[in-house]
Visitor: 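Provided herewith is a single structure, encoded as structure tokens, for subsequent inquiry.
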Amino acid sequence: MTTGEAGQAGIRMESSTALHTQGQTHDEDGSLFGWDPMTGIVSVWAQRDGRALIWRRVKDEQGERIDRLSDHFHPWLFATILEDVTHPGTNLLPEGTPCPTGHAIWFRELDGPTGSYRYLLSSTDGRLLEREILFGASHRLNYQVKNISELEHTYYRLGPVEQYLMATGRVYFRNLNYEDLHRLQFDLETTALDPRQGRIFLVSIRDSRGFEAILEAPTANDERRLIIDLCRIIRERDPDIIENHNLFGFDLSFLSRRAASHDISLTLGRRGPGGTHAILEGREETLAIGPEARRRTRYSVAGRELIDTLDAVRRHDFVVRDIPSYGLKEVARYFGIASPKRVYIEGSEIYNTYMREPEMVRRYALDDVNEVDGLSRRLLGAPFALASMAPRRYERLASAGPAMGILEPILVRAYLRARTALPCQATYDSGNTEIEPHAGGAVYLFASGVAEHVVKADVASLYPSLMRTFKIGPASDRLGILLTILGRLTDLRLAHKEAARVAEPNSIDSNHHNATQAAMKILINAAYGYMGAGQMALFSDGRAANEVTSRGRAILSQVLRSLEARGTLPIEADTDGVYFAVPNDWSEEQERALVAEVGAELPSGIRLEYEGRYRAMLSHEVKNYALLTYNDKLIVRGVALRSSRAEPFGERFLRQALHYTLLGNIPRVRQIFLDTVNALRDRQLTASDVATRVRLSKSPATYRTSRSSHQEPAYEALLNAGRDEWLPGERIRFYKGRGQRRYIWLPEAVAEESTTPQHWQQRRSSQSHSTTQERQDYDIEHYVQVLVTSYAARLRKAFSPEDFNQLFTLDQPGLFDLYEHPIEEIRPRLERENAALTL
DNA sequence: ACTCACCGGGG
DNA sequence: GTGTACGGTGAGT
């Protein structure tokens with residue numbers, strides 16, 4: 001086949017293989033899953049010149065292997081005008097007209113309103129297309145246009161891979177399971193964080209086929225060899241995916257800097273366009289001369305997908321908002337994938353430890369890559385499933401925003417396929433009167449303090465349900481694609497949820513269905529946000545977004561009125577959910593029946609769900625509360641009930657005090673308070689109980705310059721200890737000692753550089769005279785004040801002012817103190833609030 | 001109290 | 001550029 005005769009469509013491509021010629025296309029699902037049946041794609045590389053490479057993982061009688069296909073496609077873009085390519089030098093032909101020389105620009109006029117992207121332009125070579133446009137535009141605008149991106153509202157152009165996938169209807173991973181991927185993790189251990197100051201001394205490698213290796217460079221002279229070996233091993237193992245935690249921010253940038261310093265190239269890819277192994281490509285975004293490089297570089301390599309589990313963690317936490325730290329070790333523990341035998345070494349001690357005990361560092365480094373594998377399995381199922389829907393690379397989908405990064409490409413693919421004009425935001429903006437200010441979900445605080453017998457109910461997928469029920473989609477989406485796929489996704493998601501439920505837990509099947517439903521949830525939830533995305537989004541529609549939220553507020557009001565009418569007490573409500581208190585003698589069945597009753601009054605398609613019941617709730621502020629479950633678990637939500645300082649003694653106090661406040665055992669709260677005060681005053685607490693842990697951001701030099709104008713406790717603590725060297729990023733603990741401005745550094749345990757948490761516990765309890773752990777020279781009154789003002793204060797809403805003062809006074813109540821009631825009679829209170837906020 | 005710059009993560 | 005982060009925190013006023 002020659003590209004010139006690519007049939008009626010200048011856009012449509014033909015494969016060098018005939019693999020995709022059979023297999024039916026489901027048209028309605030084509031917009032969601034693509035339509036080309038080619039299976040097993042694990043990577044795609046495409047270039048502006050119209051060349052594309054596809055790597056497929058195929059399994060047949062001969063076993064499993066990777067096939068590489070070469071392909072050609074016609075690079076394309078949307079245009080609002082045709083003018084730039086109508087000059088005499090351009091061979092402009094209607095789409096579908098054969099061109100023997102191949103030097104043509106094809107065009108097609110699309111159905112769409114004036115001002116929209118009504119022209120589809122394509123060519124055998126995208127560079128030719130761009131040259132012609134730049135030439136024409138420069139002429140038209142009377143200045144030198146250097147890049148298509150300067151012509152923002154005239155042309156809509158995507159990256160080559162997106163163009164290829166959208167034009168062909170191909171997607172990644174069709175008929176593959178996550179477990180089929182060949183994933184490799186590697187982790188660098190270096191002598192410093194900065195590649196100008198340090199070098200790689202060890203690399204751990206593992207892959208999903210059972211391979212494990214350690215490469216070492218004991219001396220600086222060995223580093224070059226190590227890098228070459230690392231590249232060779234990756235080529236030999238030939239994984240589809242390379243993964244690590246902070247892969248882009250650290251490992252690849254460090255590696256490429258060190259490789260450059262040895263003048264070697266990182267041949268990590270599969271055989272690329274030139275037939276040789278592809279070299280890692282990175283785009284350093286110019287870092288200013290400042291102390292540190294801020295922006296991250298995106299790396300890519302032909303034939304493999306690069307996955308940073310840090311991105312996956314961020315995205316996960318964007319939804320759950322519960323991960324305290326995004327560090328690999330912390331996250332691994334959070335997800336329960338850290339091995340009990342995991343070796344922990346403080347970052348700055350890794351190289352020192354290696355010098356003394358190399359075996360320990362080897363184990364540490366392998367633990368790292370194993371945890372990355374665990375994280376990937378836990379978090380990358382959804383992006384994997386998304387990659388079999390959206391026309392983008394897996395590695396991009398793993399870090400893309402769900403609206404602009406995933407949903408929009410799906411919409412654009414559908415418009416391209418339907419040969420329909422894309423809306424142009426610029427024309428919509430000017431055509432419409434100013435969009436009214438955007439109002440979001442309603443947030444109410446009806447009561448603060450302690451309530452008992454609390455129920456949580458919420459509307460399942462409120463915004464998507466409203467969009468679907470009331471058919472609210474972007475006006476500019478003339479094909480109605482967003483609502484079509486929203487409906488399809490909602491139905492399919494339910495089916496996958498059900499399939500996951502009946503599948504054997506943790507089986508490949510259940511993982512697949514779970515990942516797919518999670519991916520669909522991401523898309524479903526993105527639909528509303530996408531409409532409100534403003535001029536960023538091609539199909540945004542502020543008016544439609546407003547209609548969704550206003551209907552949402554109406555639904556929430558209806559639920560609240562209905563709950564009140566039935567004798568329950570709403571406590572707080574936020575957009576789609578409400579906490580409310582029910583009479584003491586209600587059973588769970590009664591609660592559920594109530595929720596069902598209230599839900600039955602809502603429009604069909606809007607489902608109110610019973611989410612849970614709690615023995616008690618401390619309502620502090622909107623979105624800030626503590627819950628006690630019926631099996632005695634304390635749940636704390638919102639920043640207002642947490643301390644940013646996080647001295648261990650205060651955290652401990654607050655949790656216990658919250659717990660007993662919610663149980664109504666107020667004498668016990670007083671007792672805990674007094675015990676804590678006494679423990680402080682009797683110096684029963686250790687320095688580590690009162691110490692704050694902070695991360696140093698300034699280098700010694702930076703701090704020295706700002707010190708005279710403003711002293712910072714953390715650095716003063718180090719300087720007081722005679723330490724005038726430290727590294728930015730280092731975490732230290734310190735506490736306040738006696739005397740003005742006396743801050744004391746609390747070094748980490750130094751007896752062993754590494755220890756498992758279990759060892760740690762043992763050492764603390766068994767070695768009673770360890771030097772650093774047992775220091776007690778803290779400033780007693782300072783920490784008593786912290787206890788009162790920073791921790792006890794968080795219980796203020798639970799009591800009347802008098803009761804609160806009595807409960808947390810530092811004076812032992814004397815005989816003559818006249819309090820309204822004795823401690824035994826204090827009850828937590830519940831105050832009605834009249835503040836109803838709309839955010 | 002409120003704005004503003006900076007940080008995250010990696011050895 | 002094989003596209004655009006963002007939300008929390010502590011310092012400074």
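So you know, we letter chains A, B, ... as the sequences are listed, proteins then strands, and number each from 1. It should be emphasised that the depicted structure is a prediction, and the values quoted were computed from it without experimental measurement.
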Visitor: Using only atom types and a distance under 3.5 Å, with no angle test, would you say the side chain of A:R304 pairs donor to acceptor with the backbone of A:L268?
Guide: yes
Visitor: What's the separation between atom CD1 in A:I522 and atom CZ in A:R315, rounded to the nearest 0.5 Å?
Guide: 5.0 Å
Visitor: Considering only side-chain heavy atoms of A:D368, which listed nucleotide, B:dG9, B:dG10, B:dG11, is closest?
Guide: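 Output: B:dG11.
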Visitor: Counting any heavy atom closer than 4.0 Å, what does A:A46 reach on the DNA or RNA strands: base, sugar-phosphate only, or nothing?
Guide: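 Base, at least one base atom sits under 4.0 Å.
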Visitor: Need one value for A:D251: base, sugar-phosphate or nothing, where a base atom within 4.0 Å counts as base even if backbone is also close, heavy atoms only.
Guide: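 The residue A:D251 makes no contact with any strand.
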Visitor: What's A:L188 touching, base or sugar-phosphate or nothing? Going by heavy atoms closer than 4.0 Å.
Guide: sugar-phosphate
Visitor: Scan A:R315 against the nucleic acid and name what it touches under 4.0 Å (heavy atoms): base, sugar-phosphate only, or nothing.
Guide: nothing
Visitor: Classify A:T191 by what it touches in the nucleic acid, base, sugar-phosphate, or nothing, heavy-atom distance under 4.0 Å.
Guide: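 Here A:T191 touches no strand at all.
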Visitor: For the C1' atoms, the ones on B:dG9 and on C:dC6, what distance do you get once it is rounded to whole angstrom?
Guide: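 Nearest-Å result for B:dG9 against C:dC6 at atom C1': 15 Å.
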Visitor: From the options C:dT2, B:dG10, B:dG11, select the nucleotide whose nearest atom is closest to the side chain of A:N246.
Guide: B:dG10
Visitor: Between B:dC7 and C:dT4, how far apart are the P atoms? Round to whole Å, please.
Guide: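 Nearest-Å result for C:dT4 against B:dC7 at atom P: 22 Å.
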Visitor: Is it the case that A:D71 and A:Y164 place a side-chain donor and acceptor less than 3.5 Å from each other?
Guide: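 Judged by distance alone, the side chains do pair up.
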Visitor: Checking all strands, does A:L328 fall into the base, sugar-phosphate, or nothing category for heavy-atom contacts under 4.0 angstrom?
Guide: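 Sugar-phosphate, no base atom in range.
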Visitor: With respect to A:Y415, which candidate in A:F78, A:F539, A:Y117 satisfies the ring pair (Phe, Tyr, Trp, His ring centres under 6.0 Å) definition?
Guide: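 The residue from A:F78, A:F539, A:Y117 that satisfies ring pair (Phe, Tyr, Trp, His ring centres under 6.0 Å) with A:Y415 turns out to be A:F539.
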Visitor: Report the nucleotide, chosen from B:dG9, B:dG11, C:dT2, that has the shortest atom-to-atom distance to any side-chain atom of A:E162.
Guide: C:dT2
Visitor: Using atom CG of A:L193 as one end and atom P of B:dG8 as the other, report the distance to the nearest whole Å.
Guide: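 Distance check: A:L193 CG to B:dG8 P gives 11 Å.
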Visitor: Mind checking A:G327 for me? I need base, sugar-phosphate or nothing, with any heavy atom below 4.0 Å counting as a touch.
Guide: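 Contact class for A:G327: sugar-phosphate only.
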